[in-house]
Amino acid sequence: MSQARKVIVIGGGITGMTAAYYLKKRLDAGGFKADITLVEGAESLGGRINTLRKDGFVIEKGPDSFLARKLPIIELSKELGLEDELTGTNPEAKKTYILRDGKLHPMPPGLVLGIPTELGPFMRTALVSPAGKARALLDLILPKKEEPGDESLGHFLERRLGKEVLEQVVEPLLAGIYAGDTFALSLQSTFPQFGELEQEHRSLIYGMMNNRKQTQLEARNLPVPGRKSTFLTYKNGLSTLVQRLEEVLRDSGVNIRTGVKVREMGKQGGRYRVVLGNGQTEEADSVIVTLPTYHTAELLGELPGVEKLKAINYVSVANVVLAYRQEDANVSFDGSGFLIPRLEGRSITACTWTSAKWLHTAPEGHVLLRCYVGRSGAEDWVELSDEELVAKVRQDVAELMGIEAEPLFHEVTRLHRSMPQYPVGHLDNIRELRSELAEQMPGVYVTGAGFNGVGLPDCIRQGRDTAYEAADRLMA
Ligand code: FAD
């Protein structure tokens, strides 16, 4: 016999949208009449995902792609009929460069997340000094850590591979994902596989070599573009996923409220009272909160675990997209772009040669570049005007690539407090908070990029798993 249940999902980013989608699916399958409301503070859904389609260009203002081997997003794409929309990177643009002493060096083949898995190319690269290489190879004989608990990512990598490889290769690569200071990031919450490989194989390099073979085998089961490309996106940009999800949610009767924030949340008998910014109050049996942790903390009140949630730092970043006529940017784009280590002291942290890496992003005869600004400890750009920011970025582009021409247009995107920095001990903190919630506010769930993974596939996995947990509790 079906029963009317009300669930409110707070936050209409990819985690919240996915949670609403899987919640509806699970409750429907269980024969429960589900009344689901998704509340989003901004005028449109998608959160950090934001594709701008302009003059034939496909411009990503937030995330631009996702790791092909992480399945939750592939599975969701299939369910939504978007499999044919998926596209991989240009196979001709495999090279990535890293700046060292003002010069761009190609990253040696076989680096996986900055860890060498092919020793020949690593030994030949000019990116790392002979002493730096010798220190990195010590990893092959160094003992493993006795106590396998959490530590900082920076500490782990320096311990295994040495300071030079960390600063020159791994940190700039990881900066793209976390914009973080590796010494402030938790190993277990960012790259738990590194710690596991050390425990299993003793050497990180050896473990990664082994892992690579496994990954290649697994790639055979991916949809066609994912077998050849490490990253995937949609031919019309990532907003394709948001638009399709929104359509499906609306068609299935999920009540979507945009342009209104949740201001407060509290217990009311066995249910929850959710107060909106416009003063309206809604009641629910279950609430799934998918906000950045600093907003989640405001809604949870006095639970002891909330203090640790408040302490999670979010780094602000910006990106500047520059569009050119081909003849104005007539340099060789034989790769996907370049990364800049902190030590180089540049304004930009990386530059993606977007139109070379993703062939669908620019019309014929045009070039699209995307430059990234800001990382942990280097957020002064926040104070700059758009004009100053663009001027600084163009100066780096001129000095490093020789492109001095005026772009056809530029797009500046500022993403304030957008990159969560999981501190050492984060997983334990989150576990404690969730067990406090289960005891004191059963039916309230917290999830999203600030909790168990920042990548889009991880957000989708979290949204789905939380939805299943909430649905199963309601139906029990
Ligand atoms: P969000 O997208 O932050 O959604 C939370 C939503 O809650 C927002 O829409 C917000 O408006 C809303 N909200 C806030 N407060 C309230 C309130 N009180 N009431 C109601 N609504 C509220 N990942 C990848 O996999 N690949 C990439 O290439 C990639 N690049 C990135 C580049 C940048 C610049 C950034 C910032 C992130 C990138 N990521 C990437 C990470 C990924 O985009 C995010 O982790 C993910 O989009 C977060 O989704 P979310 O739903 O958890 O949170």
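Atoms within a ligand are numbered from 1 in the order they appear, just like the ligands themselves.
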Distances under 3.5 Å, N/O of ligand 1 against N/O of the protein: list each pair and its distance.
| unit_1 | atom_1 | unit_2 | atom_2 | d |
| --- | --- | --- | --- | --- |
| ligand 1 | 2 (O) | Arg48 | N | 2.9 |
| ligand 1 | 9 (O) | Glu40 | OE1 | 2.7 |
| ligand 1 | 9 (O) | Glu40 | OE2 | 3.0 |
| ligand 1 | 11 (O) | Glu40 | OE2 | 2.6 |
| ligand 1 | 18 (N) | Val262 | O | 3.0 |
| ligand 1 | 19 (N) | Val262 | N | 2.9 |
| ligand 1 | 21 (N) | Gly41 | N | 3.0 |
| ligand 1 | 25 (O) | Leu456 | N | 2.7 |
| ligand 1 | 26 (N) | Ser65 | O | 2.6 |
| ligand 1 | 28 (O) | Asp64 | N | 3.1 |
| ligand 1 | 28 (O) | Asp64 | OD1 | 3.2 |
| ligand 1 | 28 (O) | Ser65 | O | 3.3 |
| ligand 1 | 45 (O) | Val454 | O | 2.5 |
| ligand 1 | 51 (O) | Ile14 | N | 3.1 |
| ligand 1 | 51 (O) | Thr15 | N | 3.0 |
| ligand 1 | 51 (O) | Thr15 | OG1 | 3.2 |
| ligand 1 | 52 (O) | Thr15 | OG1 | 2.7 |
| ligand 1 | 52 (O) | Ala449 | N | 3.1 |

> Any chance the rings of Trp358 and Tyr234 have centres within less than 6.0 Å?
Replying inline: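 Ring-ring flag for Trp358/Tyr234: false, centres at least 6.0 Å apart.
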
> Aromatic ring centroids of Phe191 and Phe156 under 6.0 Å?
Replying inline: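 For Phe191 and Phe156, the ring centres are not under 6.0 Å apart.
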
> When you look at NZ of Lys235, are more than 12 heavy atoms from neighbouring residues, nucleotides or ligands closer to it than 6.0 Å?
Replying inline: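 Atom NZ in Lys235 is packed in, count exceeds 12.
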
> Is a side-chain donor-acceptor pair under 3.5 Å present for Thr96 with Ser336?
Replying inline: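 Their side chains do contain a donor-acceptor pair, which is all the 3.5 Å distance test asks for.
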
> Does a donor on one side chain and an acceptor on the other come within less than 3.5 Å for Gln188 and Tyr422?
Replying inline: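 Their side chains do not contain a donor-acceptor pair, so the 3.5 Å distance test is not met.
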
> Tell me, which pairs form a salt bridge (charged side-chain N to carboxylate O under 4.0 Å, His left out) where one or both residues lie in residues 339-354, sequence neighbours left out?
Replying inline: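 Matches after skipping sequence neighbours: Glu171-Arg342, Arg346-Asp396, Arg346-Glu399.
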
